[in-house]
Structure formats: C-alpha cells, structure tokens
Amino acid sequence: MKKFFLLFTLNLSFFVLCKAQTPTIARADAQTLPLVQNINAYEGTSLAGDWHYIVDVQEEGYYDYRMKPTPWGFFLNAKPQHPEDLIEYDFDKSPTMKIPGDWNTQDPRLFFYEGTVWFKTSFLAVPMTDYRTLLYFGAVNYDCRVWLNGKEVGHHVGGFTPFNFDVSNLLREGENTLIVKVDNKRHASAVPTQIFDWWNYGGITRDVRLVKLTPVYLQDYSLSLTPGNTKSLTFSASLNSFEPDHNVTLEIPELKVKKSVKTDAEGKVSFTVKAKPQLWSPENPKLYRVQISLDNATYGDEIGFRTIETRDKQILLNGKPIFLKGISIHDEKPNGGGRTNSVEDARTLLTWAKELGCNFVRLAHYPHNENMVREAERMGILVWSEIPCYWTIDWTNPVTYRVAQNQLTDMILRDHNRANIIIWSIANETPHSPERDQFLGMLAKHARTLDSSRLISMAMEVTSASNYLNRLSDNMNQYVDVVSFNQYVGWYRDVNDASKMRWEIPYNKPVIISEFGGGAKYGYHGPKNQRWTEEFQENLYIENLAMLDKIEGLSGTTPWILKDFRSPRRVLPGIQDYYNMKGLMSDKGEKKRAFYVLKKWYENK
C-alpha cells in the first residue's frame, strides 16, 4: 500500500537521492536521534496499514551461507532485470499484515514463531532542505534494522520503547521503499532474558510515523509544580542543538499563564511562573491545555499537576496519605491476545480496572503503549511503569546493562510529563547477588538523575523463615522509596498458612504488595480446595486480603493480574492452553468470583 506524505509546500526546492546500484551494503546518511518529547504533537503522517512480509527462518535475507552480512540482502528489494536473473524473494508477491501489530496473532503459522520477519511498505514523498524528517517507531520487538530506499538507516535493540531516525537525506521525490528486519529471538544477554512469563509477540507492534520538524526544534520540555510550592510552576526546555536567542513561549490559557524567554548558549530555557492549578488526583484528573511555542511554531499538550512523596510508611499524593488500590496489567489485547495498539484497547483494559475499584495500575513488566499511559491519566488512574529486568538478567554483561539503561531512559523521556505516573520500577523478582545489586543500583541512580520528582521501586522477593515468619531482606532497600514485593501464599504455598503468616519488613518505608494471586478458569466450579476453580481463587483472595491487612505500612497492592494473558510457560491442556489463568477476569472480560472479593475490599479502603 502506498501512502502520500507531503513534506512541504510545492514552491520550495527539492532534494532528490538516486537509487544505489552498487552491490555493497549501502550505509545511510541518517542519524539516530534522541526521543522528541510529545512527538505526536508534530505534523506528520502514519505509515500504519498493510505491509508485505517475508518469514526468514535462517536469516538468508541478511547473512550469506558463511553467516556474514550479505550485500545482496532483502533490504535491496531487488527485481529481476533480465530473464536469467536469480532473485529468490519478492515482497510485492508476499502476503500482508496489519502494522502496527504482532505476527503471532495475524498469521496462524507464526503463533509460536521466534525469529526474523522482514516487512516492506511504500509511500510517496516530496523532500526538501528547509525541514528535516524523522522516521518514528513506537516500538518494535526486539532487534530491529531499518532500510530506506536500500540504505541502512539504523539499528535498535529493545522491544517496548520508542526510537527515531533522521531520514531527511534519504527521501526521494516520488515513491520511497521502507524495509524493516525484525528479530524476536530470545537471548541470555537480552532485556528481558531467555525466560519470561508472557508471550513473546514479535513485529512492529506500535505506530510508525514520518514526522516533519524544523532544523531546530524542541527536543524536550518539562512542566510541573515547583518543588515545595503548589502555587508556582517550573518550566524547562531544550533544543536539539546549542543555539541561543530562539524564542520559547509557554501559555496555559485557563491559568492565564503566558511567558516568553530566549534560549541560552546551550539552547535551553528554564523559569518559574505563578499559578494556582487544581491538583490532579484520581477523584479529579484535571489536565490543562498547554501551548508551547518555538519561534513561530506552536505545539499542544495536556498536562496535570500534582505532588508525590513518602513520609515514613505513607505515600502522600498532594500532601495527603493515599492507599493505592491497584491491579497489574499486561500490554495485551482482550479477546484473543496480541499487543495493544489502539486507544480503544487501552480504554477497555482501564475501564475493567475502574470497575474493580482501582485508582492505580502496575503496567507490567515493561513500558506499555503511550496510549495506555495517557488514557489512564485522563481516567484518573495512577501508574507504576516498569522496565523488563525480569528474573535472571545477565548482571555482569556491560551490553546488557546498556540495553537496560536505554530502556529506562526512553521510558522516562517519553512519559516524564504525565501526572499519573508516580513510580518508576527497575526490576521484578531478581535473585540476590552482589552483581545484581550493582547493576540495579546503577539503574536506580540513573533514574534519579533523569527524574528526581518520582518514586523509585522494584518488585522484590520475600525470604521465608521458620514459624511462618516472612522477612524482607534486600540490599536494594537503600535505593528505593517504596518497598514492594511479590508473594504467592495460597498458590505456591498452602493457603491455610495465610492466617499464620507474620511479616517482618525492617525498613521505614511504605509497602506495596506488587503481586499475589492464583489461577482459575472462568466458569469452572467446585469446592474451595480444588485448584483451578473459581472457588479456589476466591478463597485464596479472602485469606490473602485478611493476611495483608496485618502488614504494617501497607500502602497499596497490585494483585496478579487483571485478565488472563497468553504465556508459553502455561501448557496444562483444558485449563491453561497457553494462558496464565491468574486473571480476575477471563481474556474476554468475564468476571471471576475473586473479582468481587477484591472489589469489596477496595471499597473499604
């Protein structure tokens, strides 16, 4: 499918690149750029639609038979020029699938597939020298290489965060061909690592856009309450280059705020203004329309203002204690699975959470689609956002650390203006070791350098002891603001032990139970001691909630999990069938008996 992208008005000069004909791997005059804050506010076009794809099990489209990169790869999109030419692929005769989307749920042959798939689309463009064009990907899982008109644009690793390239010098007048190689094979050095308890959806799973930018543009900006003062706002912004004397204007019409300043020698501005905004909260998720101008260009956003802090064992939102009535959620569509990629997907899942009585969601175990974060903000739902340092990460590998840090950086850069995000989480259920402590400690420090205004946490594990004593002892306590841990009494331990359990948490910090729960098949009934029945799950929740009420400093819970989700580790026929069944709802949104137990408990909190 061809798309038309008008990059500029027709009275401006063209810049045209000719097609490369040499049998070498063409390197692009392209550049990987830092993320642009609120990129959807910029003029652009979506490349969503039907893309051709080729399944490449042995990566013959990239490597020769000696496993060396070939100059004749699929990225050339070659066509026979003579009858005797040997070309053993053809994108235009290959099937199509919807992008954004995962391949597992669009092609039955690829349901379990982990490997390489090539994607190709075409669009029309009119390049120009007075603007630059960014090629933006919301996320691609996991290892992604991109070519435009036969030239390699860039390479990205990590399946859940956005990235963008400057492709201004690669665009042609007329038809342009974009080819993306996606590889979702699992690796010990990857983040997440080789084993994890969710479906490894492969593909271009989030939006792809071409975005028009001026040569000098607002790369990042931040707007929030001035620390310690709810009647003052602090604004800062930075350009993509060190350019002084550009005019930056902040305007919030409803608050009668308007101020303009010039960028300094580093292309930055920073100032405070007096204002009395209504504070964002779950009960009143007030967002203000904000206009930010750079010289003659204006961009819009919606931003809320609130404070978040801890005091001893309490979490304070806008200076008042709050109990986080939460639930964990995977970034998976209802009704059959697949990665979420629309506002409607996000709204469905979050509406179910609201029906449960939630004011808080844990977006596990990786950064979710931006739609999810923004819809939650509009609906008054607080957010825990996480990166996939999950289980057994390769703690001593510097490449692994760099991938984890990049994911943390991009998560924060994308979402740091969202009022509903109150916790950055750096890990889940990681085994203790000095190497792990160093790795995660560095991540925690990095998160604080990027954003000191939010709380840091991670899902820890509890060490059991004799006499039903559960003691939390984790060296990471020194880095987190909120102590969070997962426990599965009643599922991996006897439910009858719940009433006997004692909890020792030797830290003067708020506590969140980041996971608890057990599995049940919707509609399967029996006695409460029969595993997989709704009655078993219901009793597990009754016993667990009574136990949790005894934990000192308990400030919230995010039980596992809102809905059943696909997982290759869950193979029991007739019960699991490759679903993790710990959801309080079925994949179709059918409420299990335990749903109402938790809902009633939250009504009393």
Side-chain angles (χ1 to χ4, degrees), residues 222-234 255 275-288 290 302-329 350 353-354 356-364 368 372-386 411-412 415-425 447-448 451-459 480-484 507-514 548-549 551-559 598-599 601-605:
S222 177
L223 177 62
S224 62
L225 291 171
T226 302
N229 188 350
T230 59
K231 297 180 181 180
S232 173
L233 303 179
T234 296
L255 294 176
K276 297 181 180 179
Q278 297 180 43
L279 299 185
W280 186 100
S281 70
E283 298 76 23
N284 179 37
K286 174 64 177 176
L287 298 175
Y288 288 90
V290 175
E302 292 184 327
I303 295 180
F305 305 102
R306 56 97 189 101
T307 65
I308 190 71
E309 58 189 315
T310 65
R311 182 173 60 204
D312 298 328
K313 295 192 174 185
Q314 292 181 319
I315 295 174
L316 305 180
L317 177 69
N318 300 326
K320 299 178 181 178
I322 185 171
F323 187 86
L324 301 176
K325 299 180 283 189
I327 193 71
S328 296
I329 302 179
L350 293 167
K354 292 282 282 188
L356 184 59
C358 293
N359 61 10
F360 179 55
V361 291
R362 178 187 179 208
L363 301 184
H368 283 216
M372 192 72 162
V373 176
R374 285 187 176 263
E375 280 303 299
E377 186 178 43
R378 296 184 185 105
M379 295 171 68
I381 301 176
L382 296 157
V383 166
W384 159 314
S385 191
E386 186 166 294
M411 176 178 72
I412 294 174
D415 292 335
H416 67 79
N417 280 311
R418 306 281 66 81
N420 60 331
I421 294 183
I422 58 171
I423 293 175
W424 301 124
S425 172
R448 289 204 195 279
D451 180 8
S452 61
S453 69
R454 287 176 173 84
L455 309 178
I456 303 292
S457 193
M458 58 178 283
V480 299
D481 302 295
V482 178
V483 175
S484 306
Y507 312 119
N508 188 33
K509 296 182 178 183
V511 175
I512 293 176
I513 308 302
S514 38
L548 298 184
D549 274 331
I551 296 179
E552 182 186 3
L554 183 67
S555 293
T557 67
T558 52
L598 183 61
K599 178 179 174 67
W601 191 68
Y602 279 161
E603 287 172 353
N604 295 320
K605 287 293 179 181

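What you are looking at is a predicted structure, and each value in this text was computed from that prediction instead of being measured. In what follows, residues are counted from 1 in the order of the sequence shown. No hydrogens, no waters, no symmetry mates; every other heavy atom, side chains included, goes into these values.
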Using side-chain heavy atoms (C-beta onward) and a distance below 4.5 Å, is [X] in contact with [Y]?
X: S457; Y: I512; value: no
X: R448; Y: D481; value: yes
X: N420; Y: M379; value: no
X: M372; Y: L350; value: yes
X: L317; Y: P282; value: yes
X: N318; Y: S281; value: yes
X: L225; Y: L279; value: yes

Does a salt bridge link D451 with R454, judged by any charged N lying under 4.0 Å from a carboxylate O?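 Looking at R454 together with D451, the answer is yes, because their closest N to O distance falls below 4.0 Å.
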Under a 4.0 Å threshold between the charged nitrogen and the carboxylate oxygen, would R378 count as salt-bridged to E375?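 A salt bridge links E375 with R378.
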Please name the pair of heavy atoms, one in [X] and one in [Y], separated by the smallest distance, quoted to 0.1 Å.
X: K276; Y: L255; answer: O-CD2, 4.0 Å
X: A353; Y: V361; answer: CB-CG1, 4.2 Å
X: P285; Y: E377; answer: CB-O, 3.6 Å
X: S514; Y: S328; answer: O-OG, 3.6 Å
X: M458; Y: S425; answer: CA-OG, 3.6 Å
X: K286; Y: W280; answer: O-CD1, 3.4 Å

To the nearest 0.5 Å, what is the distance between [atom1] on [X] and [atom2] on [Y]?
X: I329; Y: C358; atom1: CD1; atom2: SG; answer: 7.5 Å
X: E552; Y: N508; atom1: CD; atom2: CG; answer: 8.5 Å
X: I308; Y: L382; atom1: CD1; atom2: CG; answer: 7.0 Å
X: S555; Y: L316; atom1: OG; atom2: CG; answer: 9.0 Å
X: N359; Y: Y602; atom1: CG; atom2: OH; answer: 8.0 Å
X: I322; Y: E283; atom1: CD1; atom2: CD; answer: 6.5 Å

Going through the distances and angles, do I423 and F360 end up as a side-chain contact (heavy atoms from CB on, under 4.5 Å)? CA-CA 11 Å; I423 293 175; F360 179 55; 4.2 Å; yes
All side-chain hydrogen bond (donor to acceptor under 3.5 Å, both in side chains) counterparts of T558, not counting sequence neighbours: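 Result, side-chain hydrogen bond (donor to acceptor under 3.5 Å, both in side chains) vs T558: none returned.
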Output all residues satisfying side-chain hydrogen bond (donor to acceptor under 3.5 Å, both in side chains) with N417, sequence neighbours left out; order by chain, then residue number.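 Testing N417 for side-chain hydrogen bond (donor to acceptor under 3.5 Å, both in side chains), a comparison that skips the adjacent residues, returns Q37.
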Kindly indicate, with the supporting measurements, whether the criterion side-chain contact (heavy atoms from CB on, under 4.5 Å) is fulfilled by V383 and R418. CA-CA 9 Å; V383 166; R418 306 281 66 81; over 6 Å; no
When the ring planes of W601 and F323 are compared, do they come out parallel, tilted or perpendicular, using 30° and 60° as the limits?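 W601 vs F323 ring planes: perpendicular.
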Would you please test W424 and I456 for side-chain contact (heavy atoms from CB on, under 4.5 Å) and show each step? CA-CA 5 Å; W424 301 124; I456 303 292; 4.1 Å; yes
Going through the checks in order, is the side-chain contact (heavy atoms from CB on, under 4.5 Å) test met by K509 and T310? CA-CA 8 Å; K509 296 182 178 183; T310 65; over 6 Å; no
Greater than 12 external heavy atoms within 6.0 Å of K605's NZ: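 It does: K605 NZ has more than 12 such atoms within range.
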